[in-house]
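Notes follow the structure.
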Number of protein chains: 2
Amino acid sequence: MVNSRFSVAIHILSLIATTSDKSLLTSDFIAGSVNTNPVVVRRMIGVLKKAGLLSSHSGVAGYELLVEPKKLTLLAIYQAIDGPEQLFAIHDEPNPACAVGREIQHTLEDVYTSIWQAMKEQLQAQTLQDVLDQLRT
Amino acid sequence: MVNSRFSVAIHILSLIATTSDKSLLTSDFIAGSVNTNPVVVRRMIGVLKKAGLLSSHSGVAGYELLVEPKKLTLLAIYQAIDGPEQLFAIHDEPNPACAVGREIQHTLEDVYTSIWQAMKEQLQAQTLQDVLDQLRT
DNA sequence: CCTGTTGTAACCATTATAGTTACAGGTGCA
DNA sequence: TGCACCTGTAACTATAATGGTTACAACAGG
């Protein structure tokens, strides 16, 4: 299982998108909703900020989305947090003296690339707005 | 990134499928190709055996596939090794007092389920035989 | 100036992973 | 029968990832 950063990132962005009073949006408040430590939130926000998804100002509460929820695909979020494109690790240095060992890495990469492509399509097809819509129902 | 067990499992099964002299197939030999420890191989083989994909006999060298490579989908292998169906962890106990916190888990599960379905289709579409064919080229 | 906030570095506890040692017990051959 | 070789499995270890935590410098605004 991959880590929970993608889940946390979506949670944070959803919270920012749905909170109209931006002054409420402190890392402490967000951490309370996510149920984690404020530093974990600030760390994640730093990453999302670097990717251009939101803005923040040192010393002052309030985060703002820089991309409309409708235009923010889950893929963009995934890439912002540098989610892995190779989902499965390939064991190091199989024996090149063996016919299978020599070619297995390349073959597995092809298999995993096809899986990643399928995943990517799913991530591309869903936006933060879709998530927000589901939250409301 | 998920662990390398899926990769190792495919490597092991490929090796068994392509080695005609079954008496060569000791955990030591396989470990040499995978480049790991024989115990790691025997452990993995134990899992694959439990899933009915191959047979082995205590004390005697030689493993045999119990399913034709053409009929052995990567999905079956994936399920044999108990690969995760939830690829992304969802953070525990978001705050139920918050509108987002209350619903986010359920929403994320839906998102991740759609991703898993897409992955599943890819895994279902490829067989061990496809892997073997790619190894030869 | 003081309070509350962000941004970061540093550190820690927990867990997963895979490698390793060790050994009991089966197999088959000299 | 004894030996060499194998499987199966338990137990332990080193390493790395993850997420939580403490600490603090710097900033903003009343």
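The structure presented is a predicted model; accordingly, all values stated were derived computationally and were not measured. Chain letters run A, B, ... following the sequence lines, proteins first, then strands; residues in each count from 1.
- Between the C1' atom of D:dC6 and the CD atom of B:Glu64 lies a distance of 16 Å, rounded to the nearest Å.
- Straight-line distance from the CG atom of A:Asn35 to the C1' atom of D:dG20: 11 Å, rounded to whole Å.
- In this entry the distance linking CZ of B:Arg42 with C1' of C:dG19 reads 13 Å, nearest Å.
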Sub-3.5 Å pairs of nitrogen or oxygen atoms, protein against nucleotides 11-18 of chain C:
unit_1 : atom_1 : unit_2 : atom_2 : d
C:dT17 : OP1    : B:Asn3 : ND2    : 3.3
C:dA18 : OP1    : B:Ser4 : N      : 2.8
C:dA18 : OP1    : B:Ser4 : OG     : 2.6
C:dA18 : OP2    : B:Arg5 : NE     : 3.1

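- When rounded to the nearest whole Å, the span between NZ of A:Lys22 and P of C:dG4 equals 23 Å.
- Checking side-chain atoms of A:Lys49 against main-chain N and O of A:Ser56 turns up a donor-acceptor pair under 3.5 Å.
- Contacts of B:Tyr63 with the nucleic acid, taken as non-hydrogen atoms under 4.0 Å apart, involve only primed sugar atoms and P, OP1 or OP2.
- Toward the 5′ end of DNA chain D lies the nearest nucleotide of B:Ser27, the other residue of the pair A:Val39 and B:Ser27 mapping further downstream.
- Taking 4.0 angstrom as the limit, B:Lys49 places none of its side-chain polar atoms (N or O) nearer than this to OP1 or OP2 of D:dT7.
- Side-chain contact between B:Val47 and B:Arg43 is absent, with no heavy-atom pair separated by less than 4.5 Å.
- Of the candidate nucleotides C:dG7, C:dG19, D:dT7, C:dG7 has the atom nearest to the side chain of A:Ser58.
- Whole-Å rounding puts the B:Leu54 CG to D:dT7 C1' distance at 13 Å.
- Across the protein-nucleic acid pair, A:Met44 atom CE and D:dG19 atom P stand 8 Å apart, rounded to whole Å.
- Both B:Ala61 and A:His57 lie close to DNA chain D; mapped to their nearest nucleotides by heavy-atom distance, the more 5′-ward contact belongs to B:Ala61.
- Minimum atom distance to the side chain of B:Asn37 is reached by C:dT21, of the listed C:dG7, D:dT9, C:dT21.
- Side-chain polar atoms of B:Asp28 and B:Thr26 form no donor-acceptor pair below 3.5 angstrom.
- No contact: B:Lys50 has no heavy atom under 4.0 Å from any strand.
- For the atom pair B:Asn3 CG and A:Phe88 CZ, the distance stands at 8.5 Å (nearest 0.5 Å).
- Separating the CD1 atom of A:Ile45 from the C1' atom of C:dT5 is a distance of 12 Å, rounded to the nearest angstrom.
- Not one N or O on the side chain of A:Asp110 forms a donor-acceptor pair closer than 3.5 Å with the backbone of A:Thr107.
- No side-chain heavy atom of A:Val2 sits under 4.5 Å from any side-chain heavy atom of A:Phe6.
- For the pair A:Ile30 CD1 and C:dT6 C1', the computed distance is 12 Å after rounding to whole Å.
- Proximity of a side-chain donor or acceptor of B:Asn35 to a complementary backbone N or O of A:Glu93 within less than 3.5 Å is detected.
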